[in-house]
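Accompanying notes for the structure given below.
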Amino acid sequence: MPFEKVEPQADFPALERQMLELWVRVQAFEKLKAKNAGKPRWSFLDGPITANNPMGVHHAWGRTYKDAYNRYFAMTGHELRYQQGFDCQGLWVEVEVEKELGLKSKRDIENLVPGDIEASVNHFVQACKDRVNKFARVQTEQSIRLGFWMNWDRTDAEWAKSPDERHSYFTMSEENNYTIWSFLKKCHHKGMVYRGYDVMPWCGRCGVGISEMEMKEGYKLVEHRAAFVKFPLKDRPNENLLVWTTTPWTLTSNVGAAINPELTYLKVQLKGEIYYVAKGVFKQNRMESTGDTEEPEASAKAKRRDWLDGVPHLNTIEQMFKSKAGKEGFSIIGEIKGKEMLGWEYVGPFDDLPAQQHAFGFPEEVASIVEQRGWCPAKSGAESHRIITGGADVSESEGTGIVHTAPGCGQIDFTWGKENGLPPVAPIDDSGNFYEGFGSLTGKNATDSATADAIFDALKAKDRLFATERYVHRYPHCWRCKTELLYRLVDEWFINMGPKQTEDGFRGDIMKVVNKVTFLPESLNGRARERDWLWNMGDWMISKKRYWGLSLPIWVDDKDPTQFEVIGSREELKERAVEGWTEFDGHTPHRPWVDKIKIRNRQTGNLMSRIPDVGNPWLDAGIVAFSTMKYNTDRDYWNNWFPADFITESFPGQFRNWFYALLAMSTMMSDGLPPFKNLLGFATVKDQFGHDMHKSTGNSIEFVAAADKGGTVPDAKGNSTTFAPIGADVMRWLYCRHNPASNLNFGPIPANEVRGKFHIKLWNCYGFFVNYGRLDGFDPATPQAATLQDIDRWILSDLQGLITTARQAFESYNVMAFCLEAERFLDDRLSNWYIRRNRPRLQSNVSDLDTAGLADKWAAHQTLYTVMTTLCKLFAPVIPFLSEVMWQNLRTHQDPESVHLCDFPKADLKLVDEELSKDMDALLNLVTLGGAARNLAKIKFRQPLAELRVQPATEAVRRAVERFSDQLREELNVKGVRKHDETSPLLSASAKLNKKTAAAKLGPKLKEAEAYLATASALELADKLKLGPVEIVGIPLEGGDINIEYQAKAGWAGVADRGTQVAIDARVTEELAKEGLARDIIRQIQDHRKNSGLNMEDRISLYLHSDSAKLMVALETHREHIAAETLTTQWTQMPPADVAEVKIEGEMLSVSLRKTS
RNA sequence: GCGCGUAUAGCUCAGUUGGCUAGAGCGCAGCUCUGAUAAAGCUGAGGUCCUUGGUUCGAAUCCAAGUACGCGCACCA
């Protein structure tokens, strides 16, 4: 059965869409699963994609890896799960839904149905579910388009099912949520779940606490207004502490002032008042970033701190005193050790506020907890102002060495407060606005700069403001909405990870698991990174005061907030429920329905209510090694598929997010088993110039644009330009050939590059084979007698090497190694050597051949057929579409109906011939050298030459000259090839000065040097120059100063490489010249044929004439040859009307041709 | 500040266990070839393989220090 003709210009994206249809039509994926059912398992665990937006090209990188490795292990006979997952719950979705609904705050959410919080939350949660379903479906379609073979949900009926019943997994499924419950229960059993009352970073817009993991995402360099403030000391008239803060709003809640007892403080007198300030900071250059002032080298090594353009540099504190003092000046009147200052009382900056008058702190709920826990005596903030010790945490690297301490507004402040019995004053509500009790500030937002103005005005009015300045520092922002974070006293729920910087507790258990998994690529040191995170991380904050997410299964006693229980399953909840079960039943375990359930405290008999918090979304993603593998519902299944053999995700951030959650939860759930064996991390997709992709800058590319639609990106100058669709296989190759450890620049420029060097080349090889094969009626199903040539055996031998590389690369999760080797094979071996060399064999006319000739032709066809079909299979995991397109045309009826149903090739060692490979490499090198020699002689390839002579340096070259002399003759267009076996070298070398660079060095000695070089041994000189400069007439000269030229004897041109020397006879005899002209004539006629739209096999009648005797002589001498090459069957004597003029070696030739049949 | 990583041509990057004259693609200059044409080949210019020192017969490769950049951690009153 002959092949379908291959069109040279293929629309790859269109072909890909056809293959998608084909796969559905022939049920390729279903057949693959059936084929592998019951075979050894290879377990892949998908990291869930956030189902919140359409896919971008950055998602396609990981999904390409996932699919490529899945396909490889399927082709090598493994059963797979093919389950892909969606990340559904969390703030990402809430924020988008808020935008959709036009909501600005939590209050808006709770008022969606006016006056009915419960209905509002229900409405909002439903909107979140809807959004997830919508985009999960969009992403499903897009993933299918990428060629990602998974058990997708495709039909409306499938999407109408609950998330638990679909093929893909959804982290919002009941299974997933309840499995997390069982995890939390297990943690609670071990006493690791606790309620933390602490100052945490807080986003006022989202109304949530920000966990340690999340905070890392949001640091930005920003400007704040910092203030130096006077705290007047009681019992010491006209004496002040000088404190510094970058968050003026916290001054309202000042309770203490922390010093370092070991530091020395100065007493500075200015205009009748005395200021205390640490000695070490007084003259310090504050633009140099921190450094130990103890060390003398510190100043030398100090670095400029990061700063923003346009913000004035900081003054030293001394300068501030100078400028305030004016002519009067200031004076340092004494020093005092910090420890002597401890306990001094002072007047706070805002003691008139009601909030400062409340015993045990403020507001009331805070005060009641403080009282209950006994953190401080029954005093108000205003009554508590005094100097405390902050120990070594108070340094002289910033500020004044006296730290304003507001235990309700700062993490360390809170700790110091507890240690020193200071009551916390917590000024802001969950939106970041001041509570009642803060006078005129009440209702103002803490991040608002008008609030800072109000604070400064109030301080000025009391003469407490010493100075303000514009200060630049890295400050945390909400990773999602970019709002500045505030530190706020909150209660959140945590999992105790054990003591920091130890290998004890849960932390240490996870570390043991980390030691059991393989992190790839090695250069990333993934294990060390993961261990580093585990070593330093704080307790895991699992709560979030929001609406859409895992409902934390924690029920707290309505009357005793210290008593709580963790529920581990739906069944347990049902059993414990004393209220609300009927209303909840039939709903997913989400808000608001689950909130209705009350249980009874078995100890106190009180009702217990669920905390309103939802869970950290990394719990959702981290449990999937259990939930999706049916840990709680089908333990046999779990035993079969756990742990996963392989996971792969973009690594930035994941060592503290998904990888961490997966490892932590597995450690707990399985008592110390690793959740996966191999982890492949990969970096980030950047735009084609290496810049970050941002929607706002217009350089991000949506998946649909890259796959099918095309789009726009900025060009090098930043102007928007359109680009054509790139297609899935081009993307996939781009991703797979890339080093996963480094960022990938994506865009039309790299896509075109990769398409040009790989896809089109592959397509051309395929098209060439098919189009000639079908002309000859080559049918792979009915083999003909064939006699393999060396070159056939050679390409088959090298093909086995490629197969070996492929298997090794896939097995070690290093697909890049395979891709790079495949490119070399395709370009250097197949396209530019095998096919090019074998064109005559493949293009010859069957009818012109005798039996031997036919056998030779079939050998070429069969060899190339084997190569092409093997490549289809080798490439199938990486470029499933193009492989399939080719396979569909190449396969016989006995072959599998999809390339993806084939077995992955195995190297056949019987076909490997190392010596042949070496000899062929030598030949390729000789061809290059011969070409270089021709170039040197400035003789074009069409001009035949008499002889090529080779002086071999290795056995392989020696053999190649003998074995492949025909190839050399043809490639280099020479009449003969000879080995140079004489004792004298084939080439001589001469050295000449590169006067451009050497003249300046030599000066007047130039002539002397030239004379020396004329006599010196150039070959020796060349060797020395490689080692370094060589003294010539007393002046050191480098390689660049001297040109070494190899020279053949007169009339010859020669070059050398690694000892092998090649020379070509450059003398063009009259006979050779005539032959060359004949080739020129043939070339022009062929061009003319092609331009006239003739087919390759068309016969012509030809008219040729020239006034040039030279051309006519060449024409007459080689008339037969010209006729044969151009399929001329008739010569026309009279000039036809449509004569074209062409120029050959400056002479005009008239040409006219006509198709005869 | 601590830790990890990277540094190879104008750009993007390969370079196995140390080995002979360090490579590719793109870009640039020139030439060539062409019925594979969205082609292809050759040559050239362009390299302090970040710097310094060490190990070695031999270092882009191994070791140490330094510099620059990136990442992680800590700090950010």
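Every value quoted in this text rests on a predicted model; they were computed, and no experiment measured them. Proteins come first, then strands; the chains are lettered A, B, ... in the order of their sequence lines, and each starts at number 1.
- Out of A36(B), C73(B), C26(B), the shortest distance to the side chain of Glu753(A) is found at C26(B).
- Where Asp11(A) and Thr246(A) meet RNA chain B, the nucleotide closest to each residue was compared, and Asp11(A) sits on the side nearer the 5' end.
- Ranking A38(B), A14(B), A39(B) by closeness to the Asn739(A) side chain, first place goes to A14(B).
- Base pairing analysis places C73(B) opposite G1(B); the two distances defining the Watson-Crick or G-U wobble pair are each below 3.5 Å.
- Residue Gln843(A) places at least one side-chain N or O under 4.0 Å from the OP1 or OP2 atom of A36(B).
- The side chain of His473(A) approaches A77(B) more closely than any other nucleotide in the set C73(B), A77(B), A14(B).
- In a base pair of the Watson-Crick type (N1 to N3 plus N6-O4 or O6-N4) or a G-U wobble (N1-O2 and O6-N3), with each distance short of 3.5 Å, A29(B) is matched with U43(B).
- Comparing the C1' positions of G66(B) and G25(B) gives an interatomic distance of 34 Å, to the nearest angstrom.
- Candidate nucleotides G41(B), U12(B), A77(B) were compared by shortest atom distance to the side chain of His404(A), and A77(B) ranks first.
- Of the P atoms belonging to C4(B) and G47(B), the separation is 34 Å, rounded to the nearest Å.
- Between the P atoms of A59(B) and G19(B), the separation comes to 11 Å (whole Å).
- What separates CG of Asp1087(A) from P of A39(B) is a distance of 17 Å, to the nearest Å.
- Out of C13(B), G41(B), A77(B), the shortest distance to the side chain of His738(A) is found at C13(B).
- Nucleotide A14(B): unpaired (no Watson-Crick or G-U wobble partner with both distances less than 3.5 Å).
- Ring centroids of Trp533(A) and Phe655(A) are separated by 6.0 Å or more, keeping the two rings apart.
- A60(B) and G15(B) have their C1' atoms separated by 9 Å, given to the nearest Å.
- Nucleotide A39(B) holds its C1' atom 16 Å from the CD atom of Glu7(A), rounded to whole Å.
- Distances were taken from every side-chain heavy atom of Arg529(A) (C-beta onward) to each of G35(B), G25(B), C71(B); the shortest belongs to C71(B).
- Here Thr1126(A) contributes atom OG1 and Gln1084(A) contributes atom CD; the two are 13.0 Å apart, rounded to the nearest 0.5 Å.
- Among the protein residues, Asn752(A) comes within range of no part of the nucleic acid, since none of its heavy atoms lies under 4.0 Å from any strand.
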- Query: Passes side-chain contact (heavy atoms from CB on, under 4.5 Å), Glu821(A) versus Gln808(A)? Steps please.
  - Reply: CA-CA 12 Å; Glu821(A) 191 58 36; Gln808(A) 283 169 353; over 6 Å; no
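- Nearest nucleotide to the side chain of Ser831(A), out of A14(B), A36(B), G41(B): A36(B).
- Side-chain N/O atoms of Trp733(A) and Glu823(A) include a donor and acceptor closer than 3.5 Å.
- The Ser742(A) side chain lies nearest to A14(B) when the options are A77(B), A38(B), A14(B).
- When Watson-Crick and G-U wobble pairs are counted only if both distances are under 3.5 Å, A22(B) pairs with no nucleotide at all.
- Here the separation of C33(B) from A40(B), taken at their C1' atoms, is 8 Å to the nearest Å.
- To the nearest whole angstrom, the two C1' atoms, one in A14(B) and one in U6(B), are 15 Å apart.
- In this structure, a donor-acceptor pair under 3.5 Å is present between the side chains of His404(A) and Thr250(A).
- Phosphate proximity of A36(B) to Arg839(A): present, with a side-chain N or O under 4.0 Å from OP1 or OP2.
- Side chains of Gln501(A) and Asn536(A): a donor on one and an acceptor on the other come within 3.5 Å.
- Donor-acceptor pairing under 3.5 Å is recorded for the side chains of Trp244(A) and Glu469(A).
- Candidate nucleotides A14(B), G72(B), A77(B) were compared by shortest atom distance to the side chain of Arg656(A), and G72(B) ranks first.
- Base pairing annotation: G53(B) forms a Watson-Crick or G-U wobble pair with C63(B), both donor-acceptor distances under 3.5 Å.
- Atom CG in Asn771(A) sits roughly 9 Å away from atom C1' in A36(B) (whole-Å rounding).
- One donor-acceptor pair, N or O on each side, does fall under 3.5 Å between the base of A77(B) and the side chain of Ser395(A).
- Using N1 to N3 plus N6-O4 or O6-N4 for Watson-Crick, or N1-O2 and O6-N3 for G-U wobble, each under 3.5 Å, A68(B) pairs with U6(B).
- At whole-Å resolution of the value, CZ in Phe768(A) and C1' in G35(B) are 10 Å apart.
- Position along RNA chain B of the nearest nucleotide to Lys757(A) versus Arg1083(A) favours Lys757(A) as the more 5'-ward residue.
- Each of U34(B), C13(B), A36(B) was ranked by its minimum atom distance to the side chain of Arg1079(A); first place goes to U34(B).
- C50(B) and G41(B) are spaced 35 Å apart, taking the C1' atom of each and rounding to whole Å.
- Straight-line distance between the P atoms of A64(B) and G23(B): roughly 29 Å, to the nearest whole Å.
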